[in-house]
Amino acid sequence: MCGHWSAFYNRAMFSAITQQSPPDDLLLQHLNPEQRAAVTLPAEHALILAGAGSGKTRVLTTRIAWLLQTGQVTPGGVLAVTFTNKAAKEMMTRLSSMLPVNVRGMWIGTFHGLCNRFLRAHFKLANLPQSFQILDTQDQLSSIKRLYKQFGIDDERFPPKQMQWFIGGCKEDGLRPNMVEVRDEETRKKVEIYQLYEDQCQREGVVDFGELMLRSYEVLRDNDPIREHYQRRFRHILIDEFQDTNKLQYAWIKMLAGTGAHSTADDASFNPTGCVLAVGDDDQSIYAFRGARVGNMADFVREFKVKHQIKLEENFRSGSNILDSANELISYNTKRLGKNLRTAQGPGEPVRVFEATSDFAEAQWMVEEMRQLVREGMERKEVAVLYRSNAQSRVIETALFNAGIPYKVYGGLRFFERAEIKNALAYLRLLENPRDDTSFLRAVNFPPRGIGLRSLEQLQDVARASGCSLSDAVSGLGGKAGANIGAFLAGIDVLREQTSGMKLSEIVERVLEHSGLIQHYKADREGADRVENLEELVNAAESFVSLENFGRDAAALPVDEQGHALTQSPASQGLDLSQPVLDEPVPDLETGETQSPLAAFLSHAALEAGDNQAQAGQDAIQLMTVHSSKGLEFDCVFITGIEEGLFPHENSMSDRDGLEEERRLMYVAITRARKRLYLSHSQTRMLHGQTRYNPKSRFFDELPEAALKWITPKHQGFRADGATYSGANSQGYTGARGQFDINYSKFAAAPAPIQKAAPAHGLRAGMKVFHAKFGEGTVQTLEGTGDDARAQINFPRHGVKWLALSVAKLTPVP
DNA sequence: CGCGATCTGCTTTTT
DNA sequence: GCAGATCGCG
């Protein structure tokens, strides 16, 4: 997208709006036939099966651009939904580089972001205060724990975490407490707690993530004029990552598209049906554990009577060795819509496979390999290390750290989740909404001001007795406690007055000073980082304001031939300015009241937790779980710890669906690599404080031999089953490629003995055994032979253990 | 109230 | 094996 390109479109856009469309081949010229077909689909429901690396985002954005350019829809008539803020941002950036359109005026965002926007605009119908706050996962948990204290709920019998999961699950299924089917006493009690939680949230004027979705769904469902308004408005609905949608999200889409049970079309000339373009890949569905339903894809085809299905199967990312591996692996899954990736590139490099003797040796080997890669000119940020679970990163981090190689770990605490930031936000939220008890409790004694648990318990008693918020309860609390807390609240009130009318960043600055947070962290020897983060919060507030202005920037407007910004009239751009804009002050549709910038900033903080640890622009090795690698690509990828029990994970191995999801996870991991892919596993691994002996993953058996190249030193080249590696895999690393002539032998184990004899220990899976320390247990899995024989045994009292049979003294129990 | 000692539990994660 | 939560004492 160079200068003349956008200059052309600035003019083209204008003619597009007024007369019929200019040649659209500029938009379409770099697309392959499948992609072009997808972009230019008629205005009807359609499903696009987009394989990994098939240019999905590009198709989606070009589709929107094409619809706009050909005058089939106005910017206000587009609803585009993504799962992450990152994806939404990317879509907006790409779109504005294709067309001179004010993307911030369009409904492009995450499900939750769009629901937030919707609820802000219709807060009265939603029965929410205008300045309702959003609970993130942490807030939600502490809210539940508070509830437990208040009502004396047994947290042993109903662990708060499990309750949180239960509530989230109900909301994802669209179920209010009275709708949950109660079959046993346990569920009855859980539903009761769910109801109490709902009451508490409503009283405090807060909503959790699930509530954002559910509440906006209900507002649409129960208010005919509102629903019809949006149905009429959104002519084109585009959903990214459709395989990850849950039941409620699907119902929400259906509602907006006008095909739900509540659609009304009594006037024959009025067609309320927006057309839905769902883009997804069933093979990359890896979020079933949090409620995603791949089945939504099939349901969509059936319920929307989808006539157009397009498969994007050309992969522009990797060579055929990598793709063949991915294709072969995923072919072992049974429930598939069916899709096979192909590439116009050649075979590329073989997939390198390495067997390490320990997790430590595996990390060492990677370090050596990376050094070599960097020496050959590979950028570090183009190298990713993927693992199944976060616990695996430690040993890799240690190795990289000791080797002095810069690296970046994804997945830690994110900016707005850090304790000091949450503390500051609690004050800001109290300014907006004093009823927010979660924030009240967080701020009231931090920094410490002598308000102890005793006082707060008294306060909570008063609040419960009179059914009011904690801050309202202070007036009913006498004594020293009352005076202390009263002083705190008075301080908040003063702050609220002082900051009214201030610029957002000034408010934040003032709050940091007045709350004593800055002083507190400055006094702390270890507080330097936290002070820095708080200062960063001021910066975030500053740039948030300028981001709001972005939409009104001259740069985003069409420019005439002399380079003068042309005024964008709502009519010519099809922009409906009466509609709220994401993260901007939202006018109430009835009264025209607008939300304060602070409120918008707080929503932003809750909905977009920020980058993990943006070590700005440093060229570093990328470490992350397979899950967080989805949607990314790298020149070189290491997939580590590919062992039974780890990958596939033991908790997923019991049922078929779980195993298939693990396989899809592996598929996602493999397809991240552009040029080079390494797969590794280790004979031993430290996990949960004990050494485990994991056999290599079954996934190795599901990869095409011809695409692989075993680079483990030769003398290790024996499989656990005793067979030697054949063909291309037996050559080992030595001499095969000069550039990889690294001596791995220092990491190699003693040669593994070839054992073909039947196991002599006489144990079988399912047997009951007795262990002196762990008591009675059941044998789950048996591994290896002779001195290496080990068994996975489930001890009801001590959990699942791996025991070496040559060491552990086990007696069979009849 | 704050700090150290002890206990627990443990895939994956975005919003 | 380690982090995070909880407990109990000064």
Side-chain angles (χ1 to χ4, degrees), chain A residues 81-88 109-116 134-142 145 155-156 159-162 165 168 171-172 207-214 216 240-241 244-246 248-249 285-292 359 386-395 398 410-414 416-417 419 445-456 524 603-610 612 624-631 641 645-654 658 661-662 664-666 668-669 685-692 798-800:
Chain A
V81 196
T82 62
F83 261 84
T84 62
N85 291 298
K86 203 173 144 198
T110 62
F111 275 107
H112 295 86
L114 295 171
C115 286
N116 177 52
I134 300 164
L135 297 185
D136 68 15
T137 318
Q138 296 173 31
D139 298 333
Q140 188 188 23
L141 190 62
S142 52
K145 285 182 177 164
D155 60 357
E156 304 252 302
K161 277 245 176 68
Q162 198 190 306
W165 185 81
K171 292 191 181 184
E172 271 160 18
V207 297
D208 58 42
F209 288 128
E211 188 68 28
L212 281 173
M213 279 302 318
L214 183 52
S216 54
D240 194 12
E241 307 280 13
D244 287 335
T245 50
N246 63 36
L248 179 59
Q249 286 159 342
S285 152
I286 55 175
Y287 287 109
F289 71 91
R290 64 172 204 217
D359 46 356
L386 309 185
Y387 33 81
R388 175 66 238 267
S389 67
N390 282 308
Q392 287 167 254
S393 77
R394 169 160 264 98
V395 65
T398 310
Y410 287 77
L413 265 196
R414 296 174 327 162
F416 286 114
E417 291 167 356
N445 198 36
F446 197 92
R449 44 178 78 88
I451 298 170
L453 248 78
R454 185 81 34 87
S455 315
L456 290 175
D524 186 345
S603 300
H604 169 80
L607 287 170
E608 190 166 357
N612 297 66
M624 67 192 79
T625 62
V626 179
H627 280 93
S628 32
S629 76
K630 193 172 156 201
L646 248 187
F647 201 178
H649 197 275
E650 52 195 346
N651 298 359
S652 314
M653 278 159 54
S654 51
E661 177 143 322
E662 294 290 307
R664 290 192 293 267
L665 207 42
M666 184 71 188
V668 167
R685 180 174 299 278
M686 270 307 244
L687 204 66
H688 303 326
Q690 49 179 285
T691 306
R692 307 221 337 190
H798 298 268
V800 179

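Letters go in sequence order (proteins before strands), and every chain restarts at 1. Predicted model only: the values in this text are computed from it and were never measured. For the numbers below, each heavy atom of this structure counts, side chains included, while hydrogens, waters and symmetry mates do not.
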Using a heavy-atom cut-off of under 4.0 Å over every strand shown, decide if A:Ile451 touches base, sugar-phosphate, or nothing. sugar-phosphate
- request: Rounded to whole angstrom, note down the P distance from C:dG4 over to B:dT13.
  value: 15 Å
What's A:Met213 touching, base or sugar-phosphate or nothing? Going by heavy atoms closer than 4.0 Å.
nothing
Distance col, row A:Leu114:CG vs A:Met213:CE, nearest 0.5 angstrom, shows 9.0 Å
Report task. Pick base, sugar-phosphate or nothing for A:Asn445, based on heavy-atom distances below 4.0 Å to the nucleic acid. Result -> sugar-phosphate
Assigned chi class of B:dT11 under the 90° convention is syn
For A:Gly645 and A:Arg692 the tightest heavy-atom approach is CA-NH2, 4.4 Å
Between NZ of A:Lys145 and C1' of C:dT6 the distance, given in whole Å, is 10 Å
If the plane angle is over 60° it's perpendicular, under 30° parallel, otherwise tilted; pick one for A:Tyr287 and A:His627.
tilted
Check the interface with nucleotides 10-15 of chain B: list each N/O to N/O pair with the protein under 3.5 Å, or write none.
residue : atom : partner  : partner atom : Å
B:dT11  : O4'  : A:His649 : NE2          : 3.4
B:dT12  : OP1  : A:Asn390 : N            : 2.7
B:dT12  : OP1  : A:Asn390 : ND2          : 3.4
B:dT12  : O4'  : A:Arg388 : NH2          : 3.1
B:dT12  : O2   : A:Arg388 : NH2          : 2.5
B:dT13  : OP1  : A:Thr625 : OG1          : 2.5
B:dT13  : OP2  : A:Asn390 : ND2          : 3.3
B:dT15  : OP1  : A:Asn85  : N            : 2.8
B:dT15  : OP1  : A:Asn85  : ND2          : 3.2
B:dT15  : OP2  : A:Arg414 : NH1          : 3.4
B:dT15  : OP2  : A:Arg414 : NH2          : 3.3
B:dT15  : O4   : A:Thr137 : OG1          : 2.7

> Ignoring hydrogens and geometry, is there a side-chain-to-backbone donor-acceptor pair from A:Asn85 to A:Leu607 under 3.5 Å?
Replying inline: yes
Exercise for review: Examine distances only and state if a side-chain atom of A:Asp208 and a backbone atom of A:Leu135 form a donor-acceptor pair shorter than 3.5 Å.
Suggested key: no
Atom CD of A:Gln690 and atom C1' of C:dC2 are separated, to the nearest Å, by 14 Å
Looking at A:Glu661 and A:Ala288, would you say the former's side chain and the latter's main chain have a donor-acceptor pair under 3.5 Å? yes
